[in-house]
Amino acid sequence: MWWKILSVVLLVYVFLTGLLVPLKSGIETVEPAAAHTGREITIRFYGYNTFFEKSAESPIRVWLYYDSQYALSASSFTVVNDTILDARFNMPVNLPEGKQTVYLNAIIDHPIAGASLLPAAIELNQDSSGMVAGLPLDAAWTTTPVETLHLQKGFSFPYQNVIYESIRNTYFHVPMWFVLLFLFCASVWYSLLYLANPSDSSIIRKLKVAGRTLTYMVPAGQENDRRAAAYAETGLLFGILGLLTGMIWANYTWGKPWSNDIKQLMTAVALLIYLAYFILRSSFDEPEKSARLAAVYNIFAFASLIPLLYIVPRMFASLHPGATGNPAFGTQDLDNTMRAVFYPAIIGWTLLGFWIANLRIRYQRLFDRAMDLH
Amino acid sequence: MKKYKAYRLITFIVFLAISLPAALAEGNRDFMRETGKINVVVAVILVIFLGIVWYLFRLERKLTKLEHQTKDDQ
């Protein structure tokens with residue numbers, strides 16, 4: 001019982017924090033996106049979750065940043081409103097290392113909202129007429145270094161372009177796959193137990209049902225088979241939900257619901273393998289034969305699940321983040337504030353999955369007893 | 001026949017989740033992409049909720065059938 005309460009508490013926490021904690025400040029876009037050397041230019045910065053008008057003890061600082069050696073700080077700027085800021089830059093005469101085009105990152109540092117960065121915000125082209133041959137390469141690049149950047153205080157999720165608020169799907173779409181894994185693990189575990197002693201029929205098992213201990217005459221073999229099937233079924237449910245939610249998320253970040261991404265393909269194959277498990281179960285009239293074949297098949301299904309979901313996708317390029325490392329546990333895609341929601345989300349959703357599976361097992365137990373009475 | 005019903009419900013949910021936002025979009029104004037794509041999260045949560053409810057609904061229907069059966073026995 002306690003774990004059902006824990007599941008609800010954790011999921012309430014996940015829904016509240018996962019939906020209410022704000023994103024960090026970010027730069028959505030800049031205008032214009034291209035500029036020439038040797039001129040003065042006003043660039044409009046469009047912020048996301050920024051509050052440029054909020055005053056602080058130290059001023060806002062704005063940069064165009066190439067690398068640690070070459071950075072341009074704004075000569076002046078005007079704040080239009082909380083999310084729009086116009087900054088003036090004196091573009092340098094020469095580009096570094098004699099290049100024709102460089103891409104500059106835009107950086108805004110706000111003392112309260114923290115620093116935000118837009119990679120490759122501005123394309124800076126070398127103006128050939130304005131090029132001064134004798135000038136040192138770094139002339140007119142400001143010497144105001146990008147340093148002492150501020151961090152946003154308080155609990156907030158990272159800002160990422162294209163993804164924006166949908167980063168919160170990390171607490172809803174991603175845990176589906178964890179629930180699937182844990183439920184399929186439980187399923188194969190009971191299949192193994194079943195195969196160890198299929199005809200284990202005489203054991204009285206004490207079962208805790210709704211907080212009470214009931215003494216059921218439950219044949220252990222039958223019970224193991226029943227559990228294996230129920231865990232596989234609920235695991236499949238969460239797999240389908242993971243696939244559907246992934247398609248929705250993909251539609252608005254990758255442009256289409258199905259991109260034949262290696263992870264999408266492999267999970268679809270894995271789900272089809274588990275779908276076949278139920279077709280196999282239902283295709284035999286003899287319950288013992290069906291249970292035994294299903295248990296053997298389940299072991300093969302689980303053995304193929306691991307390479308399909310966790311090994312093959314890491315060997316190919318994927319649209320999914322962290323495909324080359326350890327997704328969901330890497331440091332690039334999850335920061336500590338996200339972990340504080342993500343890990344409880346995994347536990348909460350998993351417990352909910354086991355809860356639903358438990359209901360399925362209890363139904364099947366009643367059903368089998370009713371059949372035996374006939 | 002019953003299986004057909006379940007498939008219809010699933011396709012309806014998928015259809016709703018994917019096409020409703022497109023139907024709501026007028027010109028450049030995109031329901032799913034505005035306000036930082038928060039509605040993508042809404043759609044995802046809705047699909048998970050409806051999927052779990054669909055499974056529980058199915059389980060309840062099975063239970064009802066079993067209840068009727070055992071009642072006949074007594």
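Letters A, B, ... are given to chains in the order of the sequence lines, protein chains preceding strands, and every chain is numbered from 1.
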Shortest non-hydrogen contact between [X] and [Y], atoms and distance:
X: B/K62; Y: A/E233; value: NZ-OE2, 4.4 Å
X: B/A43; Y: A/I248; value: CB-CG2, 4.0 Å
X: A/A370; Y: B/L66; value: CB-CD1, 3.9 Å

Could you have a look at [options] and say which one has the most heavy-atom pairs with chain B under 4.5 angstrom?
options: A/F172, A/Y48, A/Y363; result: A/Y363
options: A/E28, A/M176, A/H173; result: A/M176
options: A/L237, A/T234, A/I240; result: A/L237
options: A/L352, A/V162, A/T253; result: A/V162

Revision key, fill the gap. Checked B/L63, B/I38, B/N39, B/I45 vs chain A; the most non-hydrogen pairs under 4.5 Å come from B/I45
Exercise for review: Can you establish whether the number of heavy atoms outside A/F155 located under 6.0 Å from its atom CZ is more than 12?
Suggested key: yes
**Study point:** More than 12 heavy atoms of other groups within 6.0 Å of A/F278 CZ
**Key:** yes
Check your understanding: Could you walk me through whether A/R168 and B/K37 pass the side-chain contact (heavy atoms from CB on, under 4.5 Å) check?
Key -> CA-CA 10 Å; A/R168 300 168 196 280; B/K37 299 187 180 178; over 6 Å; no
Review point. If you round to the nearest 0.5 Å, how far is CD of B/Q69 from CG of A/L366?
Key: 12.0 Å
Check your understanding: Hey, mind stepping through B/V40 and A/Y164 against side-chain contact (heavy atoms from CB on, under 4.5 Å) and telling me if it holds?
Key -> CA-CA 10 Å; B/V40 177; A/Y164 306 115; over 6 Å; no
Review point. So which residues of residues 12-27 of chain A are in contact with chain B at a heavy-atom cut-off of under 4.5 Å?
Key: A/F15, A/L19
Answer whether the closest heavy-atom distance between the side chains of [X] and [Y] falls below 4.5 Å.
X: A/L241; Y: B/I52; answer: yes
X: B/L56; Y: A/L359; answer: yes
X: B/V41; Y: A/W249; answer: no

Point to revise | Region of A/F367 in contact with chain B, defined by heavy-atom distances below 4.5 Å | key: both
Exercise for review: Apply side-chain contact (heavy atoms from CB on, under 4.5 Å) to B/I48 and A/F238, showing your working.
Suggested key: CA-CA 8 Å; B/I48 294 173; A/F238 280 90; 5.6 Å; no
Exercise for review: Could you go through the side-chain contact (heavy atoms from CB on, under 4.5 Å) check for A/I356 and B/L59 one step at a time?
Suggested key: CA-CA 10 Å; A/I356 295 171; B/L59 191 59; 5.7 Å; no
